[in-house]
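Reminder, nothing fancy here: chain letters follow the sequence lines and each chain counts from 1.
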Amino acid sequence: MTFQPFHFSTFQPFNLSTFQLFSMETNEYREQRLASMAALREMGFEPYGAKYEHTDLAVVRENFNEGATERIAGRLMTIRRMGKMNFATLCDGTAKFQLIFKRDELPEQSFAAFKLLNLGDIIGAEGTLFTTQKGEKSLIVKEWTILAKALEQPPEKFHGLADQEERYRRRYVDLMTNDDSRERFFQRSRIIMETRKYLWSKGFTEVETPILQSQAGGAAAKPFETHFNALDQKMVLRIAPELYLKRLIVGGMNKVFELGKDFRNEGIDRSHNPEFTVLEVYEAYGDRTSMEAIIEGLIPHLCDTVVGTRRIEYGEAKEIIDFNPPFRRVAYNDLVKELMGEDWYSIPFAEQLERAKAKAAETETNLELDGVETTLMLTHEVYDKLIEKNLRQPTFVTRLPHEFVPLAKACKDDPSLVDVFEFVVGGRELCPGYTEQNDPIEQRKALEHQAGEDTEKIDEDFISALECGMPPTGGLGIGVDRLVMLLTGVDGIRDVVLFPQMKS
RNA sequence: GGGGGCGUAGCUCAGCUGGUAGAGCAAGUGACUCUUAAUCACUGGGUCCAGGGUUCGAAUCCCUGCGCCCCUACCA
C-alpha cells in the first residue's frame, strides 16, 4: 500500500454529533485534536501507546555523547515547524531536550505523521545525538511513536499558567508548564527524605500513630468530625500526634518521630491549610536543649543537601536568612526588656501601657489593647506585634510565660516560666520545642484547666500512661509545609502543597 | 468575621465617561533543511463567571450569588 498524504479537507470519518456522544464539552482545539488522533490511527500510529524503554533527559544531557543513539520520551512543549527540518522541545520532568524532525532522516510516513502532532502530546523518540550550530544539544529523530495524545491545549508557552486558582485546582497543568513550581515540589520531596535520613542517623525511629481518633488531643484546635459506621461512633481526625508519641516514650521507644498529617477545622489563609504535614520528635532522657540541637543539626543538613546554601533568600524582598549554627538563644523576658527598657517589669501597669503605645507609634504598629488588663497580656501583645516580627534570623526564644504554654514543664528556677523554646525565623514562629511535662498530677491539672467544664475532653488513657512513669523528655513539632516554604523561599502554603484545599 | 480587588478566546491580557468584542501566543492552510518566545502571508475562534435590575442600548452602571487574590481579625 502506498502512503497517501493526509489532508483535513479529504478526511471525514466523523462529524460533530459523533463527538457529542462522548464529550460534554467541545471546542475547536478538541475537535482538531480528535481529528489528528483519528488520522494518526489511520496511518498506523496508536495514539495511546505502551511501555517505552527510554533514558531520562537529565541523564542524556549529563552524558551527552555526540553521534550516540538514544531513546527518550516526554511531552512536546514547543514545536517550530520549518518545512523539511523541524524542531521541538521535549520535556520529561527531569529536563528539556530538543528534537529535530528532518525529512532526510525519517521514513516518509513518520515525517508526514509528524504534522499531526500537537503541543502537549507525549511521544517517544529514537535517534542520534547532535549539537546544532548554535550549540543546542539535540536528538535527530530516526523513529518516533506517540505514547499519549493530548486533547486539551496546553497553556501559553511563554507566560505559562498564571491564574493562581487554576494552578491550585489543576496542579497537573501547573506542573507540566511551570518549571519553578515542579522543581519546588521535587525539593519538598527531598526535604522530607533528608529529614528522615537525618533523624535515622541520630538514632530516631519513625512511627505511625492513629489519625482517626475517638478524641482529639495534643493541641487546642477544632477537629474535623466523622462517623465510624461499624461502631456507630463519632470519630475525629487528629489535630496532633503528640499524646500517642508520648505513650511510646512511656513504653520505652526512647527516640521516635512521626512525619504525617494533622487536620484542623479552622480557617484557610496563606500560612494555614486545614490538612498539613507535621514532624514531631520525642527524645527520652532529653529536654528542650536536646530539641535545639536537633534543629541546629537538621536545618543546616537540609540546606546543604537540598538547597545547596545555608544563606536562603526568603520572601518577595529576597531577604537573606543565614542558617549557619549556632542560632541565637534569648529569653523571652530579655527580649522584652531589650525593647521596652530594663525596668519594664518594675514599673506600674499604667506606665507600661504608655510606653507600649509610644513604641507602637514609632513603627506605626497597631496594638490590640481591648481587654488587656495585666502586664502579662500587655507584654505578650508587645512581643507579638513589636518583637517577634523583627526576629529575622534564626532564634530560639526561651523561657516563655507559663500561662501561654500550659502543657510544658516549669523552669526549675522560676515556676512562672516554662522550659520551652519557640524557634522563630523571618519574623514567624517555625516550631516549638518543649521540656515535656512528665508529672501526671501536674499534667492532669493543666489539662483540666485547659478543658474547663468539659471534662470529657481529657484523655484519661494518656494520663494513665504518664502514671506508669515517663522519663524526662524533650519534644519538638515542626510544621513541615512552613519549613518547605522557608527553604524554597516562597511565602504561601498553597505553593508548597500539591493539592491545597479549595472550595468546591 | 470586617475591608478592598479580580473573573473577557485554549493561555497571557487590553477594552476610557454605556454605542456592532480586541491584541500576542496557541490553532488551521500555505512558504521555508540550524530553529529555539523562529519568521512571513491568509483564515477560523467569545455563555465577556452566573442570575436579576436600570437603559432605546450593558463586558462596562446597580443588586444578589459563586469562585479566587490581597489586607485585617481569629488560630497551641
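- With both ends at atom C1', the span from B:G46 to B:C13 equals 15 Å, rounded to whole Å.
- Contact between A:L117 and A:R81 at its shortest, heavy atoms only, is O-NH2, 2.7 Å.
- The residue among A:G267 and A:N86 whose nearest nucleotide of RNA chain B is located toward the 5' end is A:N86.
- The side chain of A:E156 lies closest to B:U12, out of B:U12, B:U33, B:A73.
- Closest heavy-atom contact between A:S110 and A:W144: O-NE1, 3.1 Å.
- In a base pair of the Watson-Crick type (N1 to N3 plus N6-O4 or O6-N4) or a G-U wobble (N1-O2 and O6-N3), with each distance short of 3.5 Å, B:G46 is matched with no nucleotide.
- Of all nucleotides listed (B:C34, B:G67, B:C71), B:C34 comes nearest to the side chain of A:F87.
- Nucleotides B:G45 and B:A23 are separated by 14 Å at their C1' atoms, to the nearest Å.
- Across all strands, A:L161 comes closer than 4.0 Å only to sugar-phosphate atoms, never to a base (heavy-atom distances).
- A donor-acceptor contact under 3.5 angstrom links the side chains of A:N118 and A:K149, judged on distance only.
- Where A:E152 and A:Q164 each meet RNA chain B at their nearest nucleotide, the meeting point lying more 5' is that of A:E152.
- Nucleic acid contact class of A:G160 (heavy atoms, under 4.0 Å, all strands): sugar-phosphate only.
- For the pair A:D104 CG and B:C32 C1', the interatomic distance rounds to 14 Å; values are reported in whole Å.
- B:C68 and B:G5 make up a base pair, with Watson-Crick or G-U wobble contacts both under 3.5 Å.
- Residue A:F158 and nucleotide B:A37 are classified as a stacked aromatic pair, their ring centres being separated by less than 5.5 Å at an interplanar angle below 30°.
- Closest approach of A:P241 to A:D262, counting heavy atoms only: CD-OD1, 3.5 Å.
- Distances shown here put a side-chain N or O of A:N118 below 4.0 Å from the OP1 or OP2 atom of B:G28.
- Side-chain atoms of A:R169 lie closest to B:C68 of the nucleotides B:U35, B:U12, B:C68.
- Taking atom C1' in both B:G18 and B:C62, one finds a spacing of 13 Å when rounded to whole Å.
- In this view, A:E442 and A:K445 satisfy the salt bridge (charged side-chain N to carboxylate O under 4.0 Å, His left out) rule, not counting sequence neighbours.
- Atom P of nucleotide B:G28 and atom CZ of A:R30 are separated by 16 Å, given to the nearest angstrom.
- In this structure, A:K503 reaches the sugar-phosphate backbone alone: every heavy-atom distance under 4.0 Å involves primed, P, OP1 or OP2 atoms, never a base.
- Taking atom P on both B:C61 and B:G4, the two are 16 Å apart, rounded to the nearest angstrom.
- In this structure, a donor-acceptor pair under 3.5 Å is present between the side chains of A:T209 and A:R238.
- Comparing B:U64 with B:U54, their C1' atoms are spaced 15 Å from each other, to the whole Å.
- The nearest whole Å value for the distance from the CG atom in A:D495 to the P atom in B:C70 is 9 Å.
- Here B:U55 sits opposite no nucleotide as a Watson-Crick or G-U wobble pair (both hydrogen-bonding atom distances under 3.5 Å).
- A donor N or O paired with an acceptor N or O is not found under 3.5 Å between the base of B:U35 and the side-chain atoms of A:E136.
- The shortest distance between the side-chain N/O atoms of A:R270 and the OP1/OP2 oxygens of B:C70 is below 4.0 Å.
- Here B:G22 sits opposite B:C13 as a Watson-Crick or G-U wobble pair (both hydrogen-bonding atom distances under 3.5 Å).
- Residue A:D262 is classed as having no contact, given no heavy-atom separation below 4.0 Å to the nucleic acid.
- The CD atom of A:Q501 sits 11 Å away from the P atom of B:C68 (whole-angstrom rounding).
- Using a 4.0 Å heavy-atom criterion, one finds that A:R103 contacts no nucleic acid atom at all.
- Rounded to a whole Å, the CD atom of A:E165 is 15 Å from the C1' atom of B:C70.
- Distance noted for atom C1' between B:G19 and B:G57: 7 Å (whole Å).
- Between the base of B:C75 and the side chain of A:H272 there is a donor-acceptor pair shorter than 3.5 Å.
- To the nearest whole angstrom, the two C1' atoms, one in B:G44 and one in B:G28, are 7 Å apart.
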Report the C-alpha separation of A:R444 and A:E460 in whole Å, then their side-chain angles, then the decisive distance to 0.1 Å, and conclude whether the salt bridge (Lys or Arg N to Asp or Glu O under 4.0 Å) test is met. CA-CA 9 Å; A:R444 175 182 288 282; A:E460 290 296 340; 2.7 Å; yes
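- One can place CG of A:L119 at 10 Å from C1' of B:C25, the figure rounded to the nearest angstrom.
- Residue A:F97 is out of contact with every strand shown, counting any heavy-atom pair closer than 4.0 Å.
- Residue contacts for A:I239: at a heavy-atom cut-off of 4.0 Å it reaches no nucleic acid atom on any strand shown.
- As rounded to the nearest Å, B:U36 and B:G7 have C1' atoms that lie 34 Å from one another.
- Note that the CG atom of A:L161 and the OH atom of A:Y172 stand 10.5 Å from one another [nearest 0.5 Å].
- Atom CZ in A:F111 sits about 11 Å away from atom P in B:C32, given to the nearest Å.
- Between the side chain of A:E28 and the base of B:G44, at least one donor-acceptor pair of N or O atoms lies under 3.5 Å.
- When distances run from any side-chain atom of A:N27 to the nucleotides B:G10, B:A73, B:C34, the shortest one goes to B:G10.
- Taking atom CG of residue A:D163 and atom P of nucleotide B:G7, one finds them 11 Å apart after rounding to whole Å.
- Nearest to the side-chain atoms of A:T132 among the listed nucleotides B:U36, B:A27, B:A73 stands B:U36.
- Within the shown strands, nothing qualifies as a pairing partner of B:A37 under the Watson-Crick or G-U definition with both distances less than 3.5 Å.
- Within the structure, every pair that satisfies the side chain to side chain donor-acceptor pair (under 3.5 Å) test and touches residues 90-99 of chain A, not counting sequence neighbours, is listed here: A:R80-A:Q98, A:D92-A:T94, A:K96-A:D179, A:Q98-A:S138.
- Heavy atoms of A:E266 sit under 4.0 angstrom from primed sugar atoms or phosphate atoms, though from no base atom.
- In this structure, A:R494 reaches the sugar-phosphate backbone alone: every heavy-atom distance under 4.0 Å involves primed, P, OP1 or OP2 atoms, never a base.
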